[in-house]
Amino acid sequence: MKELYDRFRREVLEEKTVDYYEEDELLDIYDYAQDEGDVMVQFYVFLTARRLHPDSTLFDERAGFFLSYISNDAGADMLARRDRQESPLWDVLALSIAHYPDGHPDDDMRALLAKHDNFDCESVLKLMDLLRDLTRPDLVAEAYIALHDKAEDTRSLLFETATILKDYPEHSALARQLAEELTQTEPFNIDCWLLLAKTEFANSHLEEAVSAADYALAIDPENLEGALVRAVVLSAQDKTRPQAEEELKAFLKRVPGNPIATKALAECYSARHKENAAIETYASFMGAGEDGNPEAILEIMRLKPDSATPYLDIYNSIVGEDQEQWQKTALALYNEKLYDQGAALLDYYTEKYGFTTLSELYLRLLYLAGRYGDYITRFEQLNAYRSENASSPIEISVMGYLLLCSSLLKQHRFDDLDQLSSVILSNPPSIPDMEDIMKFKGIQLTLQQMRILAQNEAYTLIDDPDFDPVRQIFPFSTPDGNPFDNETATEK
């Protein structure tokens, strides 16, 4: 199949008139190109099949799927053609159009499985792909049982089912059983041994996983996937981590920049308390390749380097001033409660690019990191910037001012706290919405509590690092997006 695919692709790229191909050969080329994600070859196969075999209907279902990836309506139009023949593959397409991406195909799937007595390989693969994309491993297991005696290619059924189910703990035992069956029926098939290694690993059978990977490497000692699977499994055990480090380093010499090997090696170093080596591993990966791998900055920040600047320099060289990228990373750190690291990230960004719409996220991170003095300084700088740039879209929410009051309390700046809180409390807003009324009531209570504390300077609670008067009233939730109220203090 690969030889056919390579030959066909070469002819297309060289703009030669595509030579004669049998229908089955074109099907093989199409299916191989589909596995490779080669849309160009898939498209040219359709054109060639229509030219060489104008009366053939073998490609109709595949054309239906191809078009459905572009538009559900286009796939539905193919389904609605009067001259199409009934087949399991057409019914799988109908199931996909009806239920992807968030439907409930249970009843329709069972009706489809009962309707046909014979399922070709492509129908099985497309059905399993759909159930995987719908995140329904329970239906994958159910479909496997129904298809076991109906599938033309039992091997593909077993392989696809095990490949999907190994990632779900509640089904990993079945995945292992199917993978083991494959190795018994095809003992010299390296893919079956690698699948068994992965399913054993998913079941925490680490020695058995290494053994299965060794079988694969006995068939082909130069197989890259076998070497990677073996090294990753070794990296999961304390006693074999030194060996895993050597094998992962050797693998990365053969395949520089491989993300799985990079992560496994860094985690090996980290597990052996070699954090600096882990950080440098991620740093090398982040800067590798033409476009780099900016996502590696998260792994570096999670390891809490003594100085993040050298690594943020690399990150900045890749993403530049792209606010969306910086916000995405900062929010990921926020969600993981890595406030110090998130604040350090936006320290760097603010020094480079000044105040932007990320500034309130930056203030929130400074506060949560306990950097109250820095919060006050940055708040004052931001306010000055807004005064000088009246058209700036940057706003400060009520919460921003409330955190400023709390920071003033923590820094023992009691007069400033009293002055600011008096201004806020003496200007109650006219709010028609009950939720906002309750929110402002919370603000009033919080400010009153802070003023009472400020009037008794000897009260040790102020300096207790676990005490936060704001979070007592407003627990900080983990945000999915921007975590801030967009209403400005002026509007309040």
Side-chain angles (χ1 to χ4, degrees), residues 1-79 81 83-85 87-97 100-101 119-133 151-153 155-157 159-160 163-164 189-192 194-195 220 222-225 255 257-260 289-291:
M1 287 176 70
K2 185 178 188 310
E3 288 175 2
L4 272 172
Y5 164 79
D6 288 341
R7 174 186 160 195
F8 185 91
R9 195 174 202 283
R10 187 166 55 251
E11 289 173 351
V12 170
L13 292 174
E14 293 175 357
E15 298 183 358
K16 293 180 178 179
T17 300
V18 175
D19 204 347
Y20 186 81
Y21 288 88
E22 297 287 348
E23 288 179 278
D24 288 344
E25 290 179 322
L26 288 171
L27 281 174
D28 283 346
I29 293 167
Y30 181 88
D31 291 343
Y32 194 93
Q34 182 175 247
D35 291 342
E36 294 293 307
D38 191 339
V39 175
M40 180 196 73
V41 166
Q42 289 176 263
F43 188 75
Y44 273 96
V45 167
F46 287 134
L47 296 177
T48 304
R50 183 58 61 192
R51 177 168 59 84
L52 298 179
H53 308 284
D55 299 324
S56 174
T57 60
L58 286 177
F59 287 90
D60 286 354
E61 297 104 322
R62 285 168 174 79
F65 272 99
F66 187 85
L67 291 171
S68 73
Y69 299 145
I70 301 170
S71 159
N72 260 6
D73 290 342
D77 287 344
M78 290 292 289
L79 273 170
R81 288 172 59 184
D83 58 342
R84 74 170 179 85
Q85 300 175 355
S87 72
L89 194 51
W90 277 122
D91 287 343
V92 174
L93 176 59
L95 189 73
S96 177
I97 290 172
Y100 183 81
F119 285 79
D120 61 278
C121 181
E122 187 69 9
S123 299
V124 170
L125 294 178
K126 289 295 187 188
L127 176 60
M128 290 301 189
D129 284 346
L130 171 62
L131 299 177
R132 180 198 61 212
D133 292 343
E152 288 180 1
D153 184 354
R155 177 202 174 276
S156 292
L157 172 63
F159 195 94
E160 192 71 12
T163 299
I164 296 170
N189 187 322
I190 192 170
D191 291 333
C192 296
L194 290 174
L195 178 59
D220 178 8
E222 298 302 313
N223 185 272
L224 288 171
E225 187 179 2
V255 190
N258 179 275
I260 297 174
E290 185 176 343
D291 299 323

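The figures here come from the full heavy-atom set of this structure, side chains too, leaving out hydrogens, waters and symmetry mates.
When all heavy atoms of A76 and I97 are compared, the pair lying nearest together is N-CD1, 3.5 Å. Smallest separation of non-hydrogen atoms from L157 and A151: CD2-CB, 4.1 Å. Here the shortest heavy-atom pairing between L26 and A49 reads CD1-CA, 3.8 Å.
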Practice task
Carefully, step by step, assess V92 and E61 under the rule side-chain contact (heavy atoms from CB on, under 4.5 Å).
Solution key: CA-CA 10 Å; V92 174; E61 297 104 322; over 6 Å; no
Practice task
Let me see the working for N223 and I190 under side-chain contact (heavy atoms from CB on, under 4.5 Å), right down to the final yes or no.
Solution key: CA-CA 9 Å; N223 185 272; I190 192 170; 3.4 Å; yes
Practice task
Begin from the C-alpha positions of E122 and Q34 and carry the test side-chain hydrogen bond (donor to acceptor under 3.5 Å, both in side chains) through to its verdict.
Solution key: CA-CA 11 Å; E122 187 69 9; Q34 182 175 247; 3.2 Å; yes
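No side-chain donor from either of D38 and Y32 sits under 3.5 Å from a side-chain acceptor of the other. In the model, Q42 has no side-chain atom that pairs as donor or acceptor with a side-chain atom of E36 under 3.5 Å. For the 3.5 Å distance criterion, the side chains of D120 and S123 qualify, holding a donor opposite an acceptor.
Remark: the backbone N or O of Y44 is paired with a side-chain donor or acceptor of T48 at under 3.5 angstrom. In this structure, H53 contributes its side chain and Y21 its backbone to a donor-acceptor pair below 3.5 Å. In this structure a side-chain-to-backbone donor-acceptor pair under 3.5 Å is present from S87 to W90. R84 places a side-chain N or O within 3.5 Å of a backbone atom of L79 that can act as its donor or acceptor partner.
Remark: R10 fails to qualify as a cation-pi partner of F8 under the 6.0 Å distance and 45° angle criteria applied to the six-membered ring.
Around atom CD of Q85, no more than 12 heavy atoms belonging to other residues, nucleotides or ligands sit under 6.0 Å away. Counting heavy-atom neighbours within 6.0 Å of F43 CZ, excluding the residue itself, gives a total of 12 or less.
Here the side chains of R155 and F159 are in contact, with some heavy-atom distance below 4.5 Å. For the pair D133 and P101, the minimum side-chain heavy-atom distance is 4.5 Å or more. Put simply, the side chain of T163 reaches to within 4.5 Å of the side chain of L195, judged on heavy atoms. Two residues are said to be in side-chain contact when any heavy atoms from C-beta on lie closer than 4.5 Å; L27 and E22 fail this criterion. Between K126 and L89, some side-chain heavy-atom pair lies under the 4.5 Å cut-off. Using a 4.5 Å heavy-atom threshold, the side chains of V124 and E160 count as separate. Within the 4.5 Å cutoff, no side-chain heavy atoms of L95 are placed close to those of Y100.
One distance of note links CG of L4 with CD1 of I29; it measures 5.0 Å at 0.5 Å rounding. If you take OH on Y5 and CG on D31, they are separated by 13.0 Å, rounding to the nearest 0.5 Å. With rounding to the nearest 0.5 Å, the separation of CG in D73 from CG in L67 is 11.5 Å. The CZ atom of F66 sits 13.5 Å away from atom CG of L93, with the distance rounded to the nearest 0.5 Å. Note that CG of L125 is 8.0 Å distant from CG of D35, once rounded to the nearest 0.5 Å.
One finds no salt bridge joining R81 and D77 here, because no Lys/Arg side-chain nitrogen approaches an Asp/Glu carboxylate oxygen to under 4.0 Å. R132 and D129 are joined by a salt bridge, as a carboxylate oxygen and a charged side-chain nitrogen come within less than 4.0 angstrom of each other. Salt bridge status for R7 with E11: present, with a side-chain N to carboxylate O gap under 4.0 Å.
Taking the six-membered ring where tryptophan is involved, the planes of Y30 and F59 are perpendicular, since the angle between them exceeds 60° and thus also 30°.
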